[in-house]
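Every number for a ligand or one of its atoms is a count from 1 in the order of the listing.
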Amino acid sequence: MHELALCQGLMAEIERVARQQQASAVQRVRVAVGALSGVEPQLLERAFHVARAGTVAGGAWLQLDVLPARVACDDCGVQAEVPANRLLCPACGTWRVRVVGGEELLLTQVELTRDAAAAQPT
Ligand SMILES: [Zn+2]
């Protein structure tokens, strides 16, 4: 299950952000998953619940945004969203297209809680 390895990578990034911001907890994590990334959103969510245990994100809520596949046509120059299982130019029908979106797995947002006592030294 490569989703778990991906989640551990995300978790390392989340922990680094939390440390930088001196956060006491992570409330919410937002991740963008491309339709062509090969990542199964349900599996990613399950893996996240495993990977977050014992971390600063132990109570964090995961929000997944699925990004559509996008292609750029080499023949007519059109750029468009297409179904992940039909990578053709929707304008002229050629298969000579380049994938320009939908392969990404990105951490887009981390919502943190700061410890009020730590943020305001007396
Ligand atoms: Zn075209």
Side-chain angles (χ1 to χ4, degrees):
M1 181 159 122
H2 77 145
E3 278 81 2
L4 187 57
L6 289 171
C7 263
Q8 281 160 347
L10 285 174
M11 208 52 76
E13 213 173 318
I14 292 161
E15 286 193 293
R16 198 174 59 232
V17 171
R19 226 178 4 251
Q20 261 171 15
Q21 303 293 322
Q22 299 175 329
S24 54
V26 177
Q27 291 291 310
R28 193 167 71 114
V29 174
R30 198 163 172 183
V31 175
V33 183
L36 302 175
S37 64
V39 173
E40 216 30 81
Q42 291 96 326
L43 290 182
L44 188 66
E45 200 157 357
R46 208 179 311 159
F48 179 79
H49 289 157
V50 174
R52 72 178 183 180
T55 73
V56 69
W61 182 59
L62 176 68
Q63 183 180 351
L64 286 175
D65 302 307
V66 177
L67 302 180
R70 284 186 69 86
V71 295
C73 179
D74 280 343
D75 282 1
C76 72
V78 156
Q79 269 204 31
E81 288 179 12
V82 292
N85 58 358
R86 197 173 159 78
L87 300 178
L88 298 173
C89 174
C92 70
T94 185
W95 48 266
R96 278 191 297 275
V97 293
R98 278 169 296 123
V99 173
V100 292
E103 291 176 313
E104 49 279 270
L105 178 74
L106 298 169
L107 183 65
T108 52
Q109 205 178 21
V110 182
E111 253 178 53
L112 304 166
T113 306
R114 277 213 186 108
D115 196 331
Q120 292 178 329
T122 46

Problem set entry | Side chain Glu15, main chain Thr55, donor-acceptor under 3.5 Å | no
Exercise. Is there a donor-acceptor pair under 3.5 Å between the side chain of Thr113 and the backbone N or O of Ser24?
Worked result: no
Exercise. What heavy-atom pair brings Cys76 and Ala91 nearest, and what distance separates the two atoms?
Worked result: SG-CB, 4.0 Å
For this session: Walk me through it: do Arg114 and Gln21 pass the test side-chain hydrogen bond (donor to acceptor under 3.5 Å, both in side chains)?
Result: CA-CA 8 Å; Arg114 277 213 186 108; Gln21 303 293 322; 3.0 Å; yes
Problem set entry | Residue and atom, protein N/O/S, under 2.8 Å of the Zn ion (ligand 1) | Cys73 SG, Cys76 SG, Cys89 SG, Cys92 SG
Exercise. Just how far is it from atom CD of Glu3 to atom CD of Glu40, taken to the nearest 0.5 Å?
Worked result: 7.0 Å
Seminar exercise, completed: Heavy-atom closest pair (Gly101 atom, Leu36 atom, distance to 0.1 Å) is O-CD1, 4.0 Å
